[in-house]
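Counting starts at 1 for both ligands and their atoms, in listed order. Sequence positions, counted from 1, serve as the residue numbers for this chain.
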Amino acid sequence: MILVVDIGNTNIVLGVYRGRELLHHFRLSTARQSTVDEYGVLIHNLFHMSNISFKDVEGVIISSVVPPLVQVIVEMCVKYIGKDPLLVGPGIKTGLNLRYENPREVGADRIVNAVAAIEQYKCPLVVVDFGTATTFDCIDAGANYLGGAIVPGLGISTEALYQRASKLPRIELEKPKKVIGRNTVHAMQAGIIFGYAGQVEGIVRRIKLEMNAPVLKVIATGGLAPLIAGETDCIDEVNPMLTLEGLRIIYNRNK
Ligand SMILES: Nc1ncnc2c1ncn2[C@@H]1O[C@H](COP(=O)(O)OP(=O)(O)OP(=O)(O)O)[C@@H](O)[C@H]1O
Ligand SMILES: CC(C)(CO)[C@@H](O)C(=O)NCCC(=O)O
Ligand SMILES: [K+]
């Protein structure tokens, strides 16, 4: 078994693979002040509840976009699992040709998503990851990673309205029946959800033009992908496990 770990700004997602099969996945909230031992207990308990053991873990791979947590999770792996994890970053083989001005600047999660998408779909393609931020990653017909766009995530956008406008409440992110809201909650839901779908359509349209690729596969991932994919036909497929798959693939390229 291998353990794959994606450290995001909101969630840490863990996956346990046997070969190509994802046996279990777990989602923790990203707690920047938690200690090596706290993560050890949490992950140990999740393993125990799933009837799996740290002893069966042959190796670990981590991608992180939260630098202060890397060392904590690495030490947790060494102390409790007894393995030195691979870290997605400089020096690791991803097989990806990065056309970013400074390849070290690209978020590890974006690299991992691109690797998984290239493996599973036909290029050219775009990956849209609806996380804390929503990222668009463009891959050309030759499987080169071109870059893309970063926009505020659905959670951040919704939270900003609540934080900055006294009379706007915190809302549930669900689709309202109509775009013309007749109360505050429905008006906010309409703006956020339909506005977000429109934003995704607009960015994808411009990407297609700039890449000169009228036919381009668009893959969405992240917890809120199904919600937005349901509101636009510019998303061809939702693949919730894309990041974990990418980590598994990169692990195998480096063992
Ligand atoms: N039902 C919901 N209502 C309001 N906000 C939500 C809801 N579901 C998710 N969010 C928020 O949307 C954002 C994206 O969450 P999601 O679970 O898709 O990504 P994530 O994997 O946590 O992102 P990251 O990889 O950046 O940590 C988060 O800020 C999350 O708190
Ligand atoms: C954009 C996020 C926050 C999405 O998780 C992450 O990929 C990140 O911190 N990226 C670094 C900046 C970049 O990718 O250009
Ligand atoms: K993510």
Are [Y] and [X] linked, directly or through intermediate hydrophobic residues, by side-chain heavy-atom contacts shorter than 4.5 Å (ILVMFWY only)?
X	Y	value
Met49	Leu14	yes
Val215	Leu125	no
Tyr162	Ile156	no

By number and element, which atoms of ligand 2 are closer than 4.0 Å to a non-hydrogen atom of Glu105? 11 (C), 12 (C), 13 (C), 14 (O), 15 (O)
Atoms of ligand 2 less than 4.0 Å from Thr135 heavy atoms? 1 (C), 4 (C)
Applying a heavy-atom cut-off of 4.0 Å, say which part of Arg110 lies close to ligand 2: side chain, backbone, both or neither. side chain
Under 4.0 Å, heavy-atom basis, I'd like to know which part of Thr132 is in contact with ligand 2: side chain, backbone, both or neither. neither
Quick one: do the Glu245 and Tyr17 side chains pair a donor with an acceptor below 3.5 Å? yes
Residue pair Val127 / Leu242, side-chain heavy-atom distance below 4.5 Å: yes
[X] versus ligand 2: do any nitrogen or oxygen atoms come within less than 3.5 Å of each other?
X	value
Asn9	no
Gly107	yes
Tyr100	yes

So for atom NE2, which belongs to His24, do other residues, nucleotides or ligands contribute more than 12 heavy atoms lying within a distance under 6.0 Å? yes
Identify which of Ile7, Asp109, Asp137, Val106 has a heavy atom lying nearest to atom 4 (C) of ligand 2. Asp109
